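For reference, the structure is listed below as structure tokens.
Counting from 1, the numbers follow the sequence of the chain as shown. Each ligand, and each atom within it, is numbered from 1 in the order the structure gives. None of the values given here were measured: they were computed from a predicted structure.
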Amino acid sequence: MVVAVYPGSFDPVTFGHLDVIKRSSSSFDRLILGVLHNSAKSPLFSVEERVNILKKATDGIHNVIVKPFEGLSVDFARENGAQVIVRGLRAVTDFEYELQMAQTNRVLAPDIETMFMTTSLEYAYLSSTIMKEVARFGGDLSRFAPPEIISEVMRKIHTSA
Ligand code: PNS
């Protein structure tokens, strides 16, 4: 049984994440999405909200489960019996940070492999940060995330403004 974890902030999940989730889930028996609880960052959504949004967005993918985590991604992988960490690569600008993380993770846990999936071209520019920025200024979000997630973003931005 090959288990992979895909750790991330998912604040919130975008079409870019969903593309990586859908495509990579078919390569593993189980794909566990780890939503990072990072007290150093101030996310738009709480970790519980991000987990719930991600659960709804991945409802139809039978081998995907969603869990919150704190601490190191390699520890999250080990605790869940995962042999692989999945990360998406959008463009060369992601590469330096992702390579450094993958190499650090390899030093910490040589038994866990990082596998990169290149994001589909149509989402190569997209990030949760970009989506939130456009949302704050009233732009059209329909190319960035499913309608249910857009509603959550708009509700949150209006209540936290
Ligand atoms: O969606 P993000 O914010 O790009 O995800 C970054 C994430 C969660 C993968 C990364 O910050 C992470 O793994 N954090 C947990 C701490 C850790 O394991 N760091 C890696 C060693 S450099």
Return yes or no for this condition: an N or O of Asn105 is under 3.5 Å from an N or O of ligand 1. no

side-chain contact (heavy atoms from CB on, under 4.5 Å) with Met117: which of Asp19, Ile21, Val20? Val20

Min heavy-atom dist Gln100 to ligand 1 below 4.0 Å: no

Assess whether a salt bridge exists between Glu133 and Arg136, defined as any Lys/Arg side-chain N lying under 4.0 Å from an Asp/Glu carboxylate O. no

Evaluate Glu49 against Lys156 for salt bridge (charged side-chain N to carboxylate O under 4.0 Å, His left out), listing each step before the verdict. CA-CA 11 Å; Glu49 289 171 325; Lys156 193 72 166 180; 2.9 Å; yes

For ligand 1, is there an atom lying under 4.0 Å from some heavy atom of Gly71? yes

For atom 17 (C) of ligand 1, what is the nearest protein heavy atom, given as residue, atom name and distance? Leu72 CD2, 3.7 Å

Return the closest protein heavy atom for atom 10 (C) of ligand 1 as residue, atom name and distance. Met101 SD, 3.6 Å

Evaluate Ser73 for polar contact with ligand 1, using N/O atom pairs at a separation under 3.5 Å. yes

Taking atom CD1 of Ile65 and atom CD1 of Ile32, what is their separation to the nearest 0.5 Å? 4.5 Å

Can you confirm, on distance only, whether ligand 1 has an N/O atom lying under 3.5 Å from any N/O atom belonging to Thr104? no

Given side-chain hydrogen bond (donor to acceptor under 3.5 Å, both in side chains), test Asp140 with Ser142 step by step and report yes or no. CA-CA 6 Å; Asp140 174 15; Ser142 59; 2.8 Å; yes

Within ligand 1, which atoms have a heavy atom of Ser9 less than 4.0 Å away? 1 (O), 2 (P), 3 (O), 5 (O)

Quick one: does Phe76 get within less than 4.0 Å of ligand 1, heavy atoms only? no

Between Asp111 and Arg78, is there a side-chain N and carboxylate O pair less than 4.0 Å apart? yes

For atom 4 (O) of ligand 1, the closest protein heavy atom turns out to be Arg87 NH2, 2.9 Å

Using a strict cut-off of 4.0 Å, indicate which atoms of ligand 1 neighbour a heavy atom of Tyr97. 6 (C), 11 (O)

Do other residues, nucleotides or ligands put more than 12 heavy atoms under 6.0 Å from the CZ atom of Arg23? yes

Quick note on ligand 1: atoms under 4.0 Å from a heavy atom of Pro7 include exactly 9 (C)

Kindly state whether the ring of His37 and the ring of Phe69 have centres lying under 6.0 angstrom apart. no

min-distance protein heavy atom vs atom 14 (N) of ligand 1 -> Leu36 CD2, 3.8 Å

Starting at CD of Glu148, measure out to CG of Asp59 and round the result to the nearest 0.5 Å. 10.0 Å

